[in-house]
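Just so we're on the same page: letters track the sequence lines, and every chain starts at 1.
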2 protein chains.
Amino acid sequence: MPNLPKKFNDCLREKGLRLTTQRAVIARLALSRASHFTADDLLLWAREKDKGISRATVYRTLSLLTDLELLEGLDFGDGRLCYEPAEGRNHHDHLVCRQCGSITEFHCEAIEELQCEVADKLDFKVEHHSLKIYGICKDCSRRTEDDERR
Amino acid sequence: MPNLPKKFNDCLREKGLRLTTQRAVIARLALSRASHFTADDLLLWAREKDKGISRATVYRTLSLLTDLELLEGLDFGDGRLCYEPAEGRNHHDHLVCRQCGSITEFHCEAIEELQCEVADKLDFKVEHHSLKIYGICKDCSRRTEDDERR
DNA sequence: GTGATTGCAAAAAGTTTGCAAACTC
DNA sequence: GAGTTTGCAAACTTTTTGCAATCAC
């Protein structure tokens, strides 16, 4: 089990907040994920470690971690928020498959640069951005071709 | 008051659907907007024309218009969907001001092309995409500078 | 007249909040 | 001990749905 990032501890102390066992469990799980997850996922994982953890505490901790910029919120438009660790990862965008719901990350430096250029031209100060490409993923289109061949 | 697009009428007939007064009121209002709006905005406008229109009918008509691709749904991540007319407009992306909430449209052909290239490389069939740049708009940063000058 | 559509109210689904009890520092 | 945090349940927000009454064709 990875340690809690020093920053989490520091931020808590700095703001006079307390490191409770629930916060530790939830933060450790959330910050060690390799990819995005929902509040509900996190609640289930947390309850494996500690039966009593409540949904409210998960939501409160998620919002704390997002405020500290240790997590990033992602909205894939399915009516609930996803989260992923923000530290130690490069920015990336997402391909969302409309058929199987899978989400693939990608990164394109040229797109990032163009975005900044465009925003600059409009005197808009960029803080962050979100690019999602919706369509059909490799596996699903292969599956569809197979079906049609029959 | 603009006429209903012929396509709306045709699609209704084709699918055996009926042109009710409520649908006409709602569709006319929705399709004549220059920019994005919420279901609740539309309900208020519709009720100015016809007191009795229900929220459910607004939602049902929005979903009908979206299916017919006369409206496009936009998710700015504030927990509710926005819509804007999809016909007769070019695709565009959005700058979202974190301070005043204003939304500015822009279009960059080079970014569009790069998106297709990236997706192609990953064997992903693009259907549509959504690019949102979050930050501070021209007016808000000017306002902040003025405040600091005092 | 027949079957689509409406309005209403209730249901969903995800998230937030008030409060008393429990816990951290 | 003081003050934060928790769990619970209820509240909230946006959107969807079941159903009987109504309306378009």
#### Entry: Residue pair B:I133 / B:D93, side-chain heavy-atom distance below 4.5 Å
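Not touching, per the 4.5 Å side-chain cut-off.
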### Query
Is the shortest heavy-atom distance from the side chain of B:L17 to the side chain of B:L64 under 4.5 Å?
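Sidechains of B:L64 and B:L17: in contact.
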Report the distance from atom [atom1] of [X] to atom [atom2] of [N], rounded to the nearest whole Å.
X     : N      : atom1 : atom2 : result
B:K15 : C:dA4  : NZ    : P     : 14 Å
A:L17 : C:dT24 : CG    : C1'   : 12 Å
A:Y59 : C:dG14 : OH    : P     : 7 Å
A:L62 : C:dT15 : CG    : P     : 9 Å
A:R23 : C:dC23 : CZ    : C1'   : 12 Å
B:L12 : C:dT6  : CG    : P     : 10 Å
B:I53 : C:dT6  : CD1   : P     : 9 Å

### Task
Select base, sugar-phosphate, or nothing to describe what B:R18 touches, counting heavy atoms under 4.0 Å on all strands.
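Counting heavy atoms under 4.0 Å across all strands, the contact made by B:R18 includes a base.
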### Task
Identify whether any heavy atom of B:R55 sits under 4.0 Å from a base atom; if not, whether one sits that close to sugar-phosphate; answer base, sugar-phosphate or nothing.
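Base: the residue B:R55, judged by heavy atoms under 4.0 Å, touches a nucleobase.
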### Message
With nearest nucleotide decided by heavy atoms, which residue, B:T21 or B:D40, maps closer to the 5′ end of DNA chain D?
### Response
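On the 5' side of the pair lies B:D40.
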### Task
Would you kindly compare B:G79 and A:T57 by the position of their nearest DNA chain D nucleotide and give the one closer to the 5′ end?
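Result of the comparison: A:T57.
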### Task
Could you tell me from which nucleotide to which nucleotide of DNA chain D, 5' to 3', there is an atom under 4.0 Å from chain B heavy atoms?
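It runs D:dT14 to D:dC25.
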### Query
With a 4.0 Å cut-off, would you call A:E127 and B:R98 a salt bridge?
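Between B:R98 and A:E127 there is a salt bridge, with a charged N closer than 4.0 Å to a carboxylate O.
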### Query
Are any of the side-chain nitrogens in B:R55 or B:D40 under 4.0 Å away from the carboxylate oxygens of its partner?
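Yes, this pair counts.
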### Query
Does a donor on one side chain sit under 3.5 Å from an acceptor on the other, for A:S63 and A:T66?
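No, no side-chain donor-acceptor contact under 3.5 Å.
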### Query
Hey, do the aromatic rings of A:F76 and A:H94 have their centres closer than 6.0 Å?
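Yes - the distance between ring centres of A:F76 and A:H94 falls below the 6.0 Å cut-off.
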### Task
Measure centre to centre between the rings of A:H129 and A:H91, then say whether the value is under 6.0 Å.
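They qualify: ring centres under 6.0 Å apart.
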#### Entry: C:dG7 OP1/OP2 closer than 4.0 Å to side-chain N/O of B:Q22
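Yes.
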### Query
With a 3.5 Å cut-off and just heavy-atom distances, do the side chain of B:R60 and the base of C:dG7 make a donor-acceptor pair?
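Counting by modelled atom types and ignoring angles, a donor-acceptor contact under 3.5 Å is found here.
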